[in-house]
Amino acid sequence: MDDRVNITMKPVIDILEERISLALADVTGLGPLPALVKPATDAKFGDYQANGVMAAAKKLKTNPRALAEKLVAQLKLDDICMPPEIAGPGFINLRLKTDFLTGNLLEINADTAHLGISRTENPKTIVVDFSCPNIAKQMHVGHLRSTIIGDSICRILDFQGHKVIRQNHIGDWGTQFGMLIAYLKQANPEVIEDPDSIHIADLEQFYKNAKARCDANEDFAVLSRQEVVALHAGNKETLNVWRHIVDESRSHYQPVYDILDVNLHQANERGESFYADRLSGIVEELKQKGIAVESDGATCVFPEGFTNKQGEPLPFIIQKSDGAFLYATTDLAAIKYRIDELKADKIIYVTDARQKLHFEMLFATARLAGWVHAGVELVHVAFGTVLGENNRPLKTRSGENVKLKELLDEAIQRARAVVEEKNPELAEAKKERIAEAVGVGAVKYADYSNNRTSDYVFSFDKMLAMDGNTAPYMQYAYARVKSIERKAAKKDVDVESELAGITDLNLSEPAELDLAKHLIRYGEIIESAFADCRPNYLTQYLYELAQKFSAFYNACPVLAADKATRPTRLLLCDLTARTIRHGLSELLGIRVVEQM
RNA sequence: GUCCCCGUAGCCCAAUUGGAUAGAGCGCUGGCCUCCGAAGCCAGAGGUUGCAGGUUCGAAUCCUGCCGGGGACGCCA
């Protein structure tokens with residue numbers, strides 16, 4: 001079964017690419033050349049086009065159209081396409097046969113779990129480093145993108161059959177802990193006796209109070225520094241208080257992951273503290289290998305190709321002059337751990353674009369150290385900033401970071417108001433569920449649908465709009481299919497049995513064909529979203545799918561269709577719903593609802 | 001000052017990385033509910049892809065130089 005699926009259910013675009021590439025190699029005698037098969041830029045050119053002939057002709061210094069003629073004469077695609085057509089300077093236009101389309105849809109239909117999408121032939125162990133909140137502070141809007149983009153990358157990799165290791169590199173070991181512990185000991189001395197009694201209602205306030213006392217009171221500042229030393233030295237009492245602050249913080253951010261449907265748990269945490277006792281060894285090793293040297297009292301690596309403002313070599317500082325370790329040191333320890341112990345073939349870092357230079361230097365240093373053996377890939381997946389209406393990074397009116405929890409609450413509340421308006425007769429509990437799915441979905445979808453690398457302006461009104469490329473639009477398309485199924489039951493149409501015995505389809509209406517051709521491209525889109533870690537390819541596809549479904553829905557009655565066409569249309573509905581549900585809820589972590 | 005990212009329709013964004021006549025949405029104009037959910041659909045107007053050169057069959061995409069915006073650049077993460 002799996003073999004069959006793997007052979008037959010490769011995306012069409014890949015099959016075409018392979019076959020045309022082979023033929024191209026044959027005709028030119030130049031060895032393997034890419035066929036450059038792409039979706040057609042315009043429906044009037046067909047469904048796919050191969051652009052590789054022109055590049056090949058250039059190499060061969062021959063006429064591209066003549067080469068195209070020779071190639072087409074050799075091509076055997078008649079099981080998939082109508083006879084290829086040559087156009088323009090040497091494009092080869094390909095139009096899928098309806099028979100092929102039918103067969104493809106039936107196979108997708110048969111493969112309930114994977115929608116006919118084959119798993120990778122080359123599974124890898126991939127570590128994804130994402131989210132990474134600072135402990136003892138509430139998650140704010142700055143954590144949104146890393147958290148959900150990282151989660152989606154994991155979901156896609158997982159679906160493709162890779163071994164995914166999620167790593168939440170939480171900030172749990174910094175100097176701010178001295179201050180927090182010192183404050184807690186003063187403000188809530190009972191926690192020393194009974195650490196379980198810690199209950200920090202407002203983490204942010206707790207942090208601010210500690211900071212204020214630290215700034216105002218020199219004795220307290222001294223105390224704070226002593227606590228850091230005590231913590232890092234492993235003092236039992238201090239460690240105990242620290243552990244409870246971390247636990248308490250988790251009880252604040254775990255619910256945020258839960259409401260976001262982000263698959264992160266305590267088991268995924270490998271915070272800064274995890275690497276604490278490895279840091280001095282890392283620095284030692286780099287010194288011994290002659291990679292790290294002392295400079296102005298600090299220990300630095302100077303990887304080639306990086307310069308500072310004065311044009312001098314730029315340091316990657318791994319140990320401060322006071323002996324303390326930094327972010328860079330922890331990241332180096334983490335790379336080593338991930339490659340040596342987690343056996344990572346690939347490590348993906350999902351962080352904001354401003355850290356680009358840091359990761360370039362980090363990777364360069366790890367390579368110098370010889371830790372990154374052949375076959376290991378290091379990738380920085382960077383993203384832009386979430387902006388407010390003023391085009392500056394999103395803040396509250398008073399200039400503070402917008403808390404993620406509050407942002408999501410507002411989205412849910414706004415969605416709730418819309419449900420109330422459109423569908424007042426629904427049960428309360430149902431309205432609440434819908435509001436959560438729509439509100440949170442809207443925030444996530446809006447983020448995913450933007451180009452990852454650019455900044456975007458956050459707008460509740462836009463993301464909750466029912467038209468346009470938004471989560472509610474997609475959820476609505478899904479709910480309409482479900483509504484057809486409910487109506488079917490009332491009209492004595494047994495959808496299951498009509499679909500169960502289905503062996504042939506009757507595709508004839510343009511809207512049916514258009515939808516069908518889009519449905520079979522799902523696997524191809526997942527591949528491209530994966531290759532570049534770009535969830536917006538997926539949202540773009542889903543949006544087009546929902547649009548094509550809506551056009552089909554308007555043009556082609558389903559339940560009222562005659563016996564010859566109804567099963568085909570039911571199948572199109574069902575596959576649309578399954579694809580939307582899979583894309584939204586499995587790959588993007590956005591819930592669908594039966595009614596809204 | 002050096003380096004990195006960006007500049008696309010009135011607005012907000014795409015363009016699968018060098019392919020054909022640059023696409024969607026919002027907004028605007030007009031049409032579609034006796035009909036499976038109108039939170040919808042259909043049609044239309046709207047562009048010298050910041051500017052100027054260059055590379056080639058072919059450029060929003062690559063190269064050079066300007067202009068404008070954002071970011072990074074020794075002991076934060």
Side-chain angles (χ1 to χ4, degrees), chain A residues 13 36 38-42 44-45 49 51 54-55 57-58 63-64 87-91 93 132 134 171 174-175 272 295-300 306-311 314-322 324 326-328 330-331 351-358 360 382 384-385 391-392 418-419 421-423 438 449-451 453-457 459 461-462 464-470 472-473 475-477 479-488 491 524-525 527-529 531-532 534 536-537 540-541 543-544 547 550-551 553-561 569 573 595-596:
Chain A
I13 197 167
L36 300 176
K38 314 271 176 190
T41 49
D42 190 315
K44 75 175 176 227
F45 298 134
Q49 59 183 38
N51 301 333
M54 291 170 288
K58 189 188 263 183
N63 182 312
F91 295 102
N93 289 337
C132 314
N134 296 315
T175 47
E272 293 166 348
S295 169
D296 292 343
T299 307
C300 307
F306 299 92
T307 52
N308 69 4
K309 332 183 194 195
Q310 285 82 34
L314 188 64
F316 190 60
I317 304 174
I318 59 173
Q319 187 168 22
K320 300 205 290 187
S321 47
D322 68 3
L326 306 95
Y327 181 42
T330 312
D331 267 346
T351 80
D352 99 60
R354 284 172 301 195
Q355 297 185 45
K356 192 176 170 197
L357 182 60
H358 167 77
E360 283 173 358
T385 309
N391 269 335
R392 304 292 309 159
V418 180
V419 179
E421 180 199 327
K422 302 285 182 187
N423 251 332
V438 173
S449 59
N450 276 288
N451 185 336
T453 54
S454 44
D455 300 345
Y456 73 94
V457 176
S459 160
D461 290 332
K462 276 188 186 163
L464 283 164
M466 304 306 162
D467 33 30
N469 188 8
T470 65
Y473 178 86
Q475 288 164 323
Y476 178 68
R480 283 210 294 199
V481 179
K482 293 292 137 182
S483 177
I484 292 177
E485 290 173 5
R486 283 192 299 272
K487 276 271 158 36
K491 292 192 175 178
E524 166 198 328
I525 270 51
E527 272 186 10
S528 62
D532 257 357
R534 289 189 187 273
N536 66 311
Y537 290 170
Q540 184 67 27
Y541 170 84
Y543 178 54
E544 282 164 14
Q547 276 183 316
S550 289
Y553 179 90
N554 268 48
C556 305
V558 177
L559 296 177
R569 292 184 178 175
C573 286
Q595 280 176 283
M596 63 186 283

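Chain letters run A, B, ... following the sequence lines, proteins first, then strands; residues in each count from 1.
A/Gln475 comes within 4.0 angstrom of nothing in the nucleic acid, heavy atoms only. Across all strands shown, A/Lys491 has no heavy atoms under 4.0 Å from either base or sugar-phosphate atoms. Across all strands, A/Ser454 comes closer than 4.0 Å only to sugar-phosphate atoms, never to a base (heavy-atom distances). Contacts of A/Ala87 with the nucleic acid, taken as non-hydrogen atoms under 4.0 Å apart, include base atoms. Using a 4.0 Å heavy-atom distance criterion, A/Asp532 is classed as a base contact. Counting any heavy atom pair closer than 4.0 Å across all strands shown, A/Lys482 reaches no nucleic acid atom.
Comparing the P positions of B/G44 and B/A52 gives an interatomic distance of 31 Å, to the nearest angstrom. Separating the C1' atom of B/A38 from that of B/G71 is a span of 45 Å, rounded to the nearest Å. Atom C1' of B/U8 sits at a distance of 15 Å from the matching atom of B/G25, rounded to the whole Å. Comparing B/G31 with B/C11, their P atoms are spaced 28 Å from each other, to the whole Å. Nucleotides B/C28 and B/A9, compared at atom C1', are 13 Å apart to the nearest Å. Separating the C1' atom of B/U49 from that of B/C33 is a span of 41 Å, rounded to the nearest Å. When the P atom is compared between B/A39 and B/G50, the two are found 39 Å apart, to the nearest whole Å. Spacing of C1' atoms, B/A60 relative to B/C13, comes out at 14 Å, to the nearest Å.
One interatomic measurement links the two molecules: CD of A/Glu544 to P of B/G25, which rounds to 11 Å at whole-angstrom precision. Summarising the geometry, the separation between CD on A/Gln595 and P on B/A39 is reported as 14 Å, rounded to the nearest angstrom. Per the geometry, OH belonging to A/Tyr543 stands 13 Å off C1' belonging to B/A39, to the nearest Å. Atom-to-atom, CG of A/Asp461 to C1' of B/C11 comes out at 14 Å; the value is rounded to the nearest Å. When rounded to the nearest whole Å, the span between NZ of A/Lys58 and P of B/G58 equals 8 Å. Between the CE atom of A/Met596 and the C1' atom of B/G37 there is a distance of 10 Å, given to the nearest Å. The separation between A/Gln540 atom CD and B/A24 atom C1' is 7 Å, rounded to whole Å. When the P atom of B/G37 is taken as reference, atom OH of A/Tyr473 falls 16 Å away, rounded to whole Å.
In this structure, A/Tyr543 has its ring center closer than 6.0 angstrom to the ring center of A/Tyr473.
Within the structure, every side-chain polar atom (N or O) of A/Lys422 is placed at least 4.0 Å from both OP1 and OP2 of B/G37. Between A/Arg486 and B/G37, a side-chain N or O to OP1/OP2 separation shorter than 4.0 Å is absent. Distances shorter than 4.0 Å separate some side-chain N or O of A/Asn451 from OP1 or OP2 on B/A15. Under 4.0 angstrom from either OP1 or OP2 of B/G37 there lies at least one side-chain N or O belonging to A/Ser483. Side-chain N/O atoms of A/Tyr553 include none lying less than 4.0 angstrom from OP1 or OP2 on B/C42. In this structure, A/Asn93 does not reach the B/A20 phosphate: none of its side-chain N or O atoms is under 4.0 Å from OP1 or OP2.
Comparing A/Val418 and A/Ala551 along RNA chain B, the residue whose closest nucleotide (by nearest heavy atom) sits nearer the 5' end is A/Val418. Ranked by how close their nearest RNA chain B nucleotide is to the 5' end, A/Ile525 and A/Cys556 are led by A/Ile525.
Contact check for A/Gln49 versus A/Thr41: side-chain heavy atoms found under the 4.5 Å cut-off.
For A/Phe91, taking side-chain heavy atoms from C-beta onward, the closest of the listed nucleotides B/U16, B/A20, B/C41 is B/A20. Comparing B/U21, B/C13, B/G19 by their nearest atom to the side chain of A/Asn450 picks out B/C13.
B/A20 has its base stacked against the ring of A/Phe45, the centroids being under 5.5 angstrom apart at an interplanar angle below 30°.
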Sugar-phosphate means primed atoms, P, OP1 and OP2; the rest is base. With that split, encode nucleotides 67-77 of chain B 5' to 3' as B, S or - using protein heavy atoms under 4.0 Å. ---SSSBBBSB

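Under the 3.5 Å distance criterion, with hydrogens and angles disregarded, a donor-acceptor pair is assigned to the side chains of A/Tyr327 and A/Gln355. Donor-acceptor pairing under 3.5 Å is lacking for the side chains of A/Asp461 and A/Ser459. Between A/Arg354 and A/Thr385, the side chains place no donor N or O within less than 3.5 Å of an acceptor N or O (distance only, hydrogens not considered).
Closest approach of A/Ile525 and A/Tyr537 over heavy atoms only: CG2-O, 3.8 Å.
To the nearest 0.5 Å, the span separating CE on A/Met54 from CG on A/Asn63 amounts to 12.0 Å.
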Only Watson-Crick and G-U wobble pairs with both distances less than 3.5 Å should count. Give RNA chain B in dot-bracket notation, marking inter-strand partners with |. (((((((..((.(.....[...).)).(((((.......))))).....(((((..]....))))))))))))....

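Base orientation of B/C26: anti (glycosidic angle beyond 90° from 0).
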